[in-house]
Structures are given as structure tokens and as C-alpha cells.
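In what follows, a single structure is set out as C-alpha cells and then discussed.
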Amino acid sequence: RKSVVRITTGSQALDELLGGGIETLCITEAFGEFRSGKTQLAHTLCVSTQLPIHMHGGNGKVAYIDTEGTFRPERIVPIAERFGMDANAVLDNIIYARAYTYEHQYNLLLGLAAKMAEEPFRLLIVDSVIALFRVDFSGRGELAERQQKLAQMLSRLTKIAEEFNVAVYITNQVIADPGGGMFITDPKKPAGGHVLAHAATIRLMLRKGKGEQRVCKIFDAPNLPEGEAISFYIIYTVTSGGIMD
Ligand code: ATP
Ligand code: MG
């Protein structure tokens with residue numbers, strides 16, 4: 001049996017909310033409006049995953065699948081410096097691929113599994129997991145097929161998490177929810193419907209606060225009653241050095 005590794009997010013408050021950091025062997029999803037910090041958290045995790053275990057890292061490499069073209073190697077540099085790591089060495093351990101269609105995204109995962117069998121990876125990022133599905137299946141009547149393909153992709157991600165003991169961090173978008181849905185005060189909900197809701201073990205809802213502050217709420221943690229959100233939230237800051245308290 002593989003044992004869970006917890007990787008620091010860079011924010012102590014967020015780590016505490018997560019029980020020590022984002023976990024291997026499962027999928028952690030971050031959803032929230034634009035500029036809420038989903039991609040900057042991904043950048044931070046690219047670095048912190050490479051820290052040794054005793055520094056709350058994962059001592060492993062990172063695979064980054066980018067569907068929006070928002071990965072910035074130059075953003076990694078100040079984050080690496082903040083953690084006292086050599087930026088070039090950190091960048092060398094990030095395997096990056098840009099995906100252009102949902103099929104391409106799926107095929108990249110198949111290729112990555114082969115790589116992960118040979119090298120010690122500890123994190124797989126897909127930013128964003130759903131954007132290409134929303135483009136490739138934009139027509140009415142295509143929703144059922146989209147959800148089926150999405151389920152296939154998510155099941156592949158779960159397999160990778162379990163087989164290679166990696167943390168899977170995916171980002172998601174929010175869509176309008178006229179019914180109010182899970183957020184009475186916020187007429188938005190995560191995209192992907194129940195297929196995504198059931199695949200992600202941990203769902204983080206990110207929201208903009210004052211200035212560089214961001215608010216995070218956690219949903220669907222396994223230790224909580226189903227569908228119930230933790231009633232408290234934490235605040236972290238987005239900086240050039242990554243996510244911080
Ligand atoms: P989207 O939905 O558009 O993908 P996002 O949730 O991924 O948005 P980020 O790209 O992570 O959002 O941006 C979050 C915030 O981080 C933004 O307010 C941005 O101004 C800030 N930010 C990004 N890079 C830096 C940096 N190098 N220094 C300081 N702040 C930054
Ligand atoms: Mg982003």
C-alpha cells in the first residue's frame with residue numbers, strides 16, 4: 001500500500017485547511033472566477049512539490065498540462081527563490097505540455113503514464129481540466145457525449161494518482177447558476193456537473209478578496225458529511241513568490 005504524501009501550498013492556513021497540504025493518491029480541484037489564483041497555486045505547487053519531504057514537499061517531479069497557455073516559466077523563478085531552490089533545477093523538473101483539443105489532452109496523459117513509470121513524479125497539474133471540453137463540445141445536444149468523455153479523462157487521472165502516488169491538481173471554471181445552487185450568496189457554480197463533482201476528492205472554491213487577498217473554502221472533503229462545506233474559510237495572498245499567508 002502506498003502512503004499519502006502531503007505537499008505544501010505555500011500558505012500555512014491553506015495547508016491546515018487541507019490537513020497538511022494537497023494529497024497524493026487523489027484529485028484536488030480548484031474552481032473560481034478569473035484571477036482567483038488557480039494558476040498561481042499551480043505555479044507554487046510546481047516548486048513546493050520538489051522540496052524534500054521534511055520541508056513539506058514531495059521530493060518529486062511535476063507534469064504540467066496547460067490548456068490555456070498560461071504557464072509562465074519566469075513566474076517559477078521568484079517562487080523557487082522564495083523556497084531557497086535553484087530556479088533552473090526546478091524548471092528542469094517540470095515536464096510541460098500544451099494541449100489543444102480534449103483528445104490531445106487525453107493522449108498526453110497516456111504518454112505521461114509511461115514517463116511516470118520511469119521517473120519519480122509527485123504532481124500532475126491540468127490547468128484547466130474542462131476548458132477544451134467546453135470548446136470541443138459547444139453544441140446543444142452534445143452534453144451527454146461531453147460528460148462521457150470527461151468521465152473517461154477523470155478516471156484516467158484517478159488511475160495515475162493511485163498508480164504512481166502523485167497528487168493531481170486540476171482547475172475548473174465557474175458558470176452561471178440562476179438557481180442559486182450550492183452558493184446562495186454567489187450565483188455561480190463549478191462547471192462539469194456531477195461527473196467532476198464525484199471525481200474530485202477535494203474541491204477548493206477560490207474567491208477574490210481585498211487586493212491580493214484570496215478566500216478559499218473547501219468542499220467535499222472525505223471527512224465531512226457529503227455535499228457539506230466546511231463552515232469556515234481561510235484567506236491567503238497571491239504574490240510573485242507564490243501563494244502565502
Ligand atoms: P483564470 O480563471 O483567468 O485562469 P486564475 O484563477 O488562474 O484565473 P491567476 O492567473 O492565478 O488566476 O492569477 C491570480 C492573481 O495572481 C491575479 O490577480 C494576478 O494579478 C496575480 N499574479 C499573477 N502573477 C503574479 C505575480 N508574478 N506577482 C504578483 N501577482 C501575480
Ligand atoms: Mg488560470
Side-chain angles (χ1 to χ4, degrees), residues 7-11 13-15 17-18 21-22 27-49 62-85 87-88 90-91 94 96-100 102 105 108 123-135 138 150 157 167-177 183 186-192 196 200 202-219 233-245:
I7 300 163
T8 180
T9 61
S11 153
L14 186 49
D15 284 354
L17 192 69
L18 291 166
I22 76 152
I27 298 179
T28 301
E29 170 199 351
F31 66 92
E33 58 194 334
F34 70 101
R35 305 190 98 197
S36 57
K38 304 179 295 290
T39 298
Q40 190 64 349
L41 178 53
H43 281 73
T44 309
L45 291 169
C46 278
V47 179
S48 65
T49 297
V62 177
Y64 198 119
I65 297 180
D66 185 0
T67 69
E68 302 184 311
T70 52
F71 176 72
R72 294 282 175 274
E74 63 273 19
R75 273 213 219 166
I76 294 295
V77 176
I79 302 174
E81 282 165 1
R82 168 208 169 178
F83 284 105
M85 302 177 84
N88 286 323
V90 166
L91 284 167
I94 303 170
Y96 173 85
R98 175 90 158 88
Y100 293 96
Y102 82 90
Q105 188 177 332
L108 284 170
L123 174 68
L124 167 58
I125 291 166
V126 188
D127 183 20
S128 112
V129 80
I130 200 156
L132 293 173
F133 287 86
R134 298 186 72 197
V135 175
S138 55
L150 181 62
L157 289 172
V168 174
Y169 172 78
I170 61 178
T171 67
N172 187 11
Q173 295 153 322
V174 285
I175 54 176
D177 181 19
F183 313 121
D186 188 348
K188 293 192 189 94
K189 66 179 180 187
L196 197 41
I202 312 274
R203 312 193 90 186
L204 304 174
M205 181 180 73
L206 309 185
R207 222 187 343 227
K208 280 178 277 201
K210 271 189 192 162
E212 299 309 304
Q213 289 189 334
R214 299 292 182 273
V215 180
C216 175
K217 256 189 181 180
I218 188 167
F219 286 84
Y233 59 87
I234 61 98
I235 293 172
Y236 62 90
T237 316
V238 186
T239 75
S240 55
I243 302 298
M244 294 187 190
D245 279 311

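Order of appearance sets the numbers: ligands from 1, and atoms from 1 within every ligand.
In terms of protein heavy-atom proximity, atom 31 (C) of ligand 1 is nearest to Val238 CG1, 4.4 Å. Among all protein heavy atoms, the one lying closest to atom 8 (O) of ligand 1 is Arg35 N, 2.8 Å. Of all protein heavy atoms, the one closest to atom 2 (O) of ligand 1 is Lys38 NZ, 2.8 Å. Nearest protein heavy-atom neighbour of atom 11 (O) of ligand 1: Gln40 N, 2.7 Å. For atom 3 (O) of ligand 1, the closest non-hydrogen atom of the protein is Phe34 CB, 3.4 Å.
Here salt bridge (Lys or Arg N to Asp or Glu O under 4.0 Å) pairs that include residues 33-42, with residues two or more places apart or in two chains, number zero.
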Please lay out, stage by stage, how Ile175 and Arg134 fare under the test side chain to side chain contact (heavy atoms under 4.5 Å, CB included).
CA-CA 11 Å; Ile175 54 176; Arg134 298 186 72 197; 3.0 Å; yes

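For Ala80 against Ala87, the heavy-atom pair with the smallest separation is CB-CA, 3.8 Å. Arg82 approaches Thr44 most closely through the heavy-atom pair NH1-CG2, 4.4 Å. In plain terms, the two heavy atoms of Phe31 and Arg203 that are nearest each other are CE2-CB, 4.1 Å.
Residue Thr39 counts as close to the Mg ion (ligand 2), with an N, O or S atom under 2.8 Å.
For ligand 1, the atoms closer than 4.0 angstrom to any heavy atom of Ser240 are 26 (C), 27 (N), 28 (N), 29 (C). Remark: ligand 1 atoms within the under-4.0 Å shell around heavy atoms of Arg214 are 15 (C), 17 (C), 18 (O). For ligand 1, the atoms sitting less than 4.0 Å from at least one non-hydrogen atom of Thr39 are 4 (O), 5 (P), 7 (O), 10 (O), 11 (O), numbered in the order shown with element in parentheses.
By the 4.0 Å heavy-atom criterion, Glu33 is counted among the residues contacting ligand 1.
Heavy-atom proximity to atom 30 (N) of ligand 1, evaluated over His43, Glu212, Gln173, Arg75, is greatest for Glu212.
In this structure a side-chain-to-backbone donor-acceptor pair under 3.5 Å is present from Asp15 to Thr9.
Using a 30° and 60° split on the angle between ring planes, Tyr96 and Tyr64 fall in the tilted class, from 30° to 60°.
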